[in-house]
Structure formats: C-alpha cells, structure tokens
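Following this message is one structure expressed as structure tokens.
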Amino acid sequence: MVALVDCNNFFVSCERIFNPALEGRPVVVLSNNDGNAVARSQEAKDLGIKLGQPLFEFQELVDKHHITLFSSNYTLYGDMSNRVMEGLRQFTPHIEVYSIDEAFLDLSRMPYDLQEYSNRIKKTIRKNTGIPVSVGVAPTKTLAKLANHMAKKHPRHKAKGFFILDSGNREKILQEFPIGEIWGIGRAHAERLQKHGVQTAYDFTQLPERWVKEHMSVVGLRLQKELLGQQCLSLALIQPAKKGMCTSRSFPKKVTSLGELQEAVSTHASRCAEKLRKQNSCANQVTVFINTSRFNEPAKLYSNSITVTLPTASNSTLKVVQYALQGLKLIYRADYDYKKAGVFVSGIVPAQQVQQDLFEPAVNDGLLMKTLDKLNARFGNGKVQLASAGLKKEWQLKRSLLSPHYTTCLKDVIKVSIG
DNA sequence: TCTGGGGTCCTAGGACCC
DNA sequence: TCTGGGGTCCTAGGACCC
C-alpha cells in the first residue's frame, strides 16, 4: 500500500502557525508580485475565491470580508516543508517527496493497522510542526491521490483526515469520482473524455485499451491500470538529478531598457549557477528568454529565447552570466514592454565529469565561487553579487505583504513576553 | 492598471547512420 | 505497379503536475 500525505492549505497553514489569530478567518496567500491567489483558507474558498484568480478580481471581497492577504514567503514555506518531510521520515525511510506540500510513503512493509497508522501520522505531524495534513492510503499512487482527495473533501470522511481505499471499496468510489479530478487528467483530456461519454473514474476504467492508447498514449494506459489497482508508477525514493533548472521572474512594472533586462538576466543567471553548484553539477547550455505580457494586444506581443552552448560545461557565475548576457543581446528588441525574463540551464552533468577542452586551459574559479557562496550563506542571499546584476533593481518583485522569516532568520524569531 | 514559477514525460517528424 | 530494413538523436509541441 501507498500513502499520500498532503498538507492542508499549506501556505496558509504556515502563516497561521505564527499568527494563530488567523485561525477560522479567511486568508489568502498571493503569487509573486502579489498577482493572484495561490493558496486559500477554507473560509476564503467558501467566499468563492478561485485558485489562480488575480487579486484585482476579488479585491472587493477582500475589503468586504476583511480577508487577510500575504505575499508568498517561500523561505518560510520551504523550511516548514522540510520539517514536515523530516517528520514523515520518522514513520518510514521509504518516502518520495513529491512537492513542497506532499509526499508518498511506501507502506508495503508496514504491519500496522492502516487506520490507526494514518491517524498517527496525521496527529504527529500536526503536533510537531503545527501543520494539518490529510492521509490517503491505497494500492497505487493514483489511487492514493484519490484516497487523499476523499480524506480532504468527502463530507463523511474529512473530519477524520484520512481515508483507506482498498479492493473492498475501490469500485464504488471510482463510480462517484468525477473524471476531471483524477490525478493525470487535465483540462484537455477531461473535455475529450466527457465528449466521449466518460463522466467518472469508473467509466474511464471501462474504456477499451485501444481507444485510450490512441487518444492518450501510454500515459493514459498507465493511468487506467493504476485505477484498477495495478501499480505502474513506482515511488522515486531517490531524487533523480534535474535535467534542467530555471530561474525567472515577472516584473511588477513594464521594463523596456536593455540595461534593466541585463540586470535581471544577470541576477537570474547567477541564481542558476548557484543552484548548479549546490547540486554539484555543471551545465552545457544556457538559455535566456524574455517576453511581454501574454495579456497584451497582438501587436505588442513579443517572446523569444536563445540557447547558447558553452565551450566547456560550467557552474561558474561568471561564465553562466557572460553567456546569458550574450544571448540576451541577440534577442532584445527595443520598443517592447517586457514583463518577464528568465534563464534556463540544461545539458547538466556531474561536476566531476566535465569534458575539458583540449586546447583551452581550464578556467578555475572554483575557490572564488566557494567564497561567494559562503559569504552569501552567512550574510544573506545576494550580499555579494556581480556588478552587472545591478544595485537599484527597480524591476524586482513586489512583495508588500510579506510575513517575517520566522524560522530561518534570527531577527525574525518570534518574541514572547511573560507577565 | 493589475494576471506566478517552477518542473516532467511523450510523440511525431526530420536528419542522419549503416 | 513496383522503390530495403533497420537504427539513433534531436527538436518542437502538447499534455500534465504542484
């Protein structure tokens, strides 16, 4: 059996731990640049605020119902996530951290009563971290996702916060489960399936394999088998190395000048190089991309990217920035209002396996980069940077509603006064 | 006026190999 | 009318996830 443990309204729950007065009140966490809703408390969901909805669309509700808003505080959420995952590892080392707020646990060797075990996971995580979680247990990952959905949403089960799906109740649950809610069925497939008369997960399991293969490739076939209780997706117990890494940000205002774009690209490229060093790897390619707002009228749309291949794979900030800026010059067009810039590194190889150039001497700024990383770790991210990353950074994120870094910064630690 | 930031996998088609 | 039989690698685009 597989368990999926998923944090409830994760970002909102993180904020509430350090601000308990928000318990029972509507709370929304916004995306970067305070653009749209990325997490909502149950009370905010009940007011009709949708996931991904832009703030300007529900500002009226905010004023009327005194909804508390937060900018995203990923430093806090990342740290709280680590605490939750560490807590889960106490139950079993066989765990796949699937996203910032959920993990699959392999329970195949667990002799315990699953009801009791799920309940204990839920209670322990809540007690030790303050985060409420839901637990879904089933024979496959896809069914565990479904079981988790039941644990969170189903009127009869959500009070318990866990749900066990097995051969005894599987078919009945599939018959009541809407096709579009299945993990792996997105909007496009849901629409096509509904047109084909498929309304529930059960209907989907009854489709001929030929049809599924033709319209949904092997991905659909796997999904079908998983729903029937046959494991096709294994747990990734070891994190596979990333194939590419991206750093990108939208601008809070329109950016037109090459100078400002260069600052942003230099900043993002530096961050990519840091990420490469952190996992001890190097990249062979650097891609830089810029685009205008996708909501612009067609005449004002522009989006372009370019991939530069490095002579030798590198994780040096100097190199990654240099090639990213070279690329930027080639795709920059004046007369556009840019909304976003980003850098993507790919062709990733372990740092020990970099193929050196036969004729060029190897650049060795490893010590410099190590020093840079140490300084930034000690004095704060971005304390030491390249001049090209700019000092004013007027293009930088808007985060006017940011909560303190309660768990990762000494000056932000909560003060308690007694008496 | 205002709309996020990351990732993965699969397929088809083209270029190329012997 | 008929035009071999295998392969690999790369890319773009589409679908999905959180």
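Lettering of chains follows the sequences in order, A, B, ..., and the numbering in each one begins at 1.
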remark   = Its contact letters, B for base, S for sugar-phosphate only and - for none at protein heavy atoms under 4.0 Å, make nucleotides 13-18 of chain C read --SSSS

task = Report yes or no: is the cationic atom of Lys253(A) (NZ for Lys, CZ for Arg) under 6.0 Å from the centre of the six-membered ring of Phe251(A), at an angle within 45° of the ring normal?
result = no

task = Starting at the 5' end of DNA chain B, write a dot or bracket for each base, bracketing those in Watson-Crick or G-U wobble pairs whose two distances are under 3.5 Å and using | for partners on another strand.
result = ....||||||||||||||

Residues which pass salt bridge (charged side-chain N to carboxylate O under 4.0 Å, His left out) with Asp34(A), listed by chain and number, not counting sequence neighbours = none

key: Sugar-phosphate, base or nothing in reach of Lys253(A), heavy atoms under 4.0 Å   = nothing

note = Heavy-atom closest pair (Phe91(A) atom, Tyr117(A) atom, distance to 0.1 Å) is O-OH, 3.0 Å

query = Do the rings of Phe11(A) and Tyr77(A) sit parallel, tilted or perpendicular, given the 30° and 60° boundaries?
reply = parallel

Mind listing the N/O atom pairs, protein and nucleotides 8-10 of chain C, below 3.5 Å?
none

inquiry  = What's Arg222(A) touching, base or sugar-phosphate or nothing? Going by heavy atoms closer than 4.0 Å.
reply    = sugar-phosphate

inquiry  = Measure CD/Glu60(A) against C1'/dC2(B) and give the value in whole Å, please.
reply    = 15 Å

Pairs under 3.5 Å (N/O, protein and nucleotides 4-7 of chain B):
residue	atom	partner	partner atom	Å
dG4(B)	OP2	Arg294(A)	NH2	3.4
dG4(B)	O4'	Ser31(A)	OG	3.3
dG5(B)	OP1	Ser250(A)	N	2.6
dG5(B)	OP2	Ser250(A)	N	3.2
dG5(B)	OP2	Ser250(A)	OG	2.7
dG5(B)	O3'	Arg249(A)	NH1	3.3
dG6(B)	OP1	Cys246(A)	O	3.3
dG6(B)	OP2	Ser248(A)	N	2.2
dG6(B)	OP2	Ser248(A)	O	2.2
dG6(B)	OP2	Ser248(A)	OG	3.3
dG6(B)	OP2	Arg249(A)	NH1	2.6
dG7(B)	OP2	Cys246(A)	N	2.6

query = Less than 4.0 Å between a side-chain N and a carboxylate O, is that true for Lys172(A) and Glu176(A)?
reply = yes

request  = Go through the structure and list residues passing salt bridge (charged side-chain N to carboxylate O under 4.0 Å, His left out) with Asp337(A), not counting sequence neighbours.
outcome  = none

Asn169(A) (side chain) donor-acceptor with Ile164(A) (main chain) under 3.5 angstrom = yes

task = In whole angstrom, give the distance that lies between atom CD of Glu214(A) and atom C1' of dA12(B).
result = 15 Å

remark   = Scanning both residues in full, the closest heavy-atom pair of Phe204(A) with Gly220(A) reads CZ-O, 3.8 Å

Short N-O contact, Glu43(A) and Arg16(A), less than 4.0 angstrom = yes

query = Does any non-hydrogen side-chain atom of Leu223(A) lie less than 4.5 Å from one of Thr142(A)?
reply = yes

ask   = Mind checking whether His196(A) and His215(A) have parallel, tilted or perpendicular rings, split at 30° and 60°?
value = tilted

message = Looking at Asp79(A) and Arg83(A), is any side-chain nitrogen of the basic one under 4.0 Å from a carboxylate oxygen of the acidic one?
response = yes

task = Answer yes if the side chains of Asn119(A) and Gln115(A) hold a donor-acceptor pair under 3.5 Å, and no otherwise.
result = no

